[in-house]
Each structure stands twice: as structure tokens, then as C-alpha cells.
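It should be emphasised that the depicted structure is a prediction, and the values quoted were computed from it without experimental measurement.
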Amino acid sequence: QVQLVESGGGLVQPGGSLRLSCAASGSAFSINVMGWYRQAPGKQRELVAEITSGGGTNYADSVKGRFTISRDSTKDTMYLQMSGLKPEDTAVYYCNYKTRRPLTSNWYRYWGQGTQVTVSS
């Protein structure tokens with residue numbers, strides 16, 4: 001089991017910045033991926049960015065060049081630095097942690113409780 005605690009959401013003006021944090025605790029396998037997803041009202045949850053245990057990253061096209069994902073393995077914490085925020089970035093942001101045993105394809109997935117990000121003047 002993995003527990004996730006998010007922090008850092010809030011209200012910011014267009015063009016502003018925010019940093020989200022997600023602290024993971026519990027036990028997981030060595031193969032894991034941490035990611036941020038978001039869900040705006042009336043829309044499906046979508047991937048924002050993800051980072052593997054090896055440091056590889058993947059971003060949604062809509063946030064490339066504006067958001068940066070990182071993780072501190074010593075603290076089991078993941079960050080999302082968001083800059084150049086736009087009103088369309090407004091959503092609930094969820095931390096996701098998925099892990100699997102080596103040589104298997106079955107992922108175990110865990111979600112945080114979500115943190116609201118609102119971009120508005």
C-alpha cells in the first residue's frame with residue numbers, strides 16, 4: 001500500500017506560478033512511476049506529467065515548456081513546478097503512484113486526495 005499526500009494548490013493570477021508537492025509513504029516495488037493528473041469540471045481526468053523511478057519524464061503537450069516535474073527519491077516526494085499558468089489550467093490536480101513487480105505487467109495504482117488549482121484574475 002502507498003499513501004499519497006498532496007499540497008501546494010491555490011488561487012493564482014494568469015501568468016503566475018505554483019508548486020505542487022506529493023509525498024509518498026508505504027511500500028512499493030522498485031519499478032514505479034509518479035505522475036500528476038488533473039480534472040476540470042465536466043471533463044475527464046487527464047495526464048499532466050509523469051516521472052519514472054529512473055528519472056524519465058513525459059508531459060502533456062498543453063503544459064510542455066511551462067510545467068516541470070521532478071522527484072526527490074530520498075524523501076519519496078514529487079513536485080510539479082507550474083509557470084505561465086493559464087485559466088485553462090484550472091482543475092483539481094491529483095497525484096498518482098503506480099508500481100509493479102519486475103518482469104510483470106500488472107500495475108498497482110494509488111491516488112492522492114487532490115488539490116485545487118485555480119487560475120483567475
- Please list, chain by chain and in numerical order, all residues satisfying side-chain contact (heavy atoms from CB on, under 4.5 Å) with Ser73, sequence neighbours excluded. Arg71
- Sidechain-backbone polar pair: Ser21 side chain, Ser7 backbone, donor-acceptor under 3.5 Å: no
- Any side-chain heavy-atom pair of Val117 and Leu18 under 4.5 Å: yes
- Message: Measuring only between side-chain heavy atoms, which start at C-beta, is Tyr79 closer than 4.5 Å to Leu20?
- Response: no
- Message: Counting neighbours of CD on Gln44 that are heavy atoms of other residues, nucleotides or ligands and sit closer than 6.0 Å, is the number greater than 12?
- Response: no
- Query: So with a 6.0 Å cut-off around CD of Gln1, is the heavy-atom count from everything else above 12?
  - Reply: no
- Message: Given 3.5 Å as the limit, does a donor-acceptor pair link the side chain of Arg109 with the main chain of Lys98, or not?
- Response: no
- Message: side-chain contact (heavy atoms from CB on, under 4.5 Å), that's the test. Do Arg45 and Trp111 meet it? Break it down for me.
- Response: CA-CA 12 Å; Arg45 190 173 297 189; Trp111 292 95; 3.3 Å; yes
- Quick one: do the Asn106 and Thr104 side chains pair a donor with an acceptor below 3.5 Å? no
- Query: What are the two closest heavy atoms between Ser120 and Pro14, and how far apart are they?
  - Reply: C-CD, 3.6 Å
- Message: In terms of relative ring orientation, are Tyr108 and Phe29 parallel, tilted or perpendicular, with 30° and 60° separating the classes?
- Response: tilted
- Message: On a heavy-atom basis, which atom in Arg100 and which in Ser105 lie closest, and how many Å separate them?
- Response: CD-CA, 4.3 Å
- Task: Please check if the side chain of Thr115 supplies one atom and the backbone of Gly9 the other of a donor-acceptor pair under 3.5 Å.
- Result: yes
- Query: So, Thr90 side chain and Val119 main chain: donor-acceptor pair closer than 3.5 Å or not?
  - Reply: yes
- Message: Under 3.5 Å, is there a donor on one side chain and an acceptor on the other for Tyr93 and Arg38?
- Response: yes
- Roughly how far, to the nearest 0.5 Å, is the CE atom of Met34 from the OG1 atom of Thr99? 11.0 Å
- Query: Linking I/L/V/M/F/W/Y whenever any side-chain heavy atoms sit under 4.5 Å apart, do Val5 and Val48 land together?
  - Reply: no
- If two hydrophobic side chains count as joined below 4.5 Å and joins carry through other members, does Leu85 share a cluster with Val92? no
- Message: Between Asp61 and Lys64, does any side-chain N to carboxylate O distance fall below 4.0 Å?
- Response: yes
- Task: Report whether Tyr37 and Phe67 are members of the same hydrophobic cluster (ILVMFWY, side-chain heavy atoms less than 4.5 Å apart, transitive linking).
- Result: no
- Query: Can you tell me how far OG of Ser62 sits from CD of Glu46, rounded to the nearest 0.5 angstrom?
  - Reply: 5.5 Å
- Query: Got Asn58 and Leu47 here, is their nearest side-chain heavy-atom distance under 4.5 Å?
  - Reply: yes
- Spell out, as yes or no, whether a donor-acceptor pair under 3.5 Å connects the side chain of Tyr97 to the backbone of Ser25. no
- Glu6 (side chain) donor-acceptor with Gly114 (main chain) under 3.5 angstrom: yes
- Query: Can you name the closest pair of heavy atoms from Ala49 and Leu80 and give their distance?
  - Reply: CB-CD1, 4.3 Å
- Give a yes or no answer on whether the side chain of Asn96 reaches the backbone of Tyr110 with a donor-acceptor pair at less than 3.5 Å. yes
- Item | Option passing side chain to side chain contact (heavy atoms under 4.5 Å, CB included) with Trp36 (candidates Met82, Met78, Glu50) | Met78
- Nearest non-hydrogen partners of Val2 and Ala28, listed with the distance: CG2-CB, 4.0 Å
- Could you walk me through whether Tyr94 and Leu4 pass the side-chain contact (heavy atoms from CB on, under 4.5 Å) test, one step at a time? CA-CA 10 Å; Tyr94 295 91; Leu4 302 171; over 6 Å; no
- Which ILVMFWY residues can you reach from Trp107 by hopping between side chains whose heavy atoms are under 4.5 Å apart? Ile31, Val33
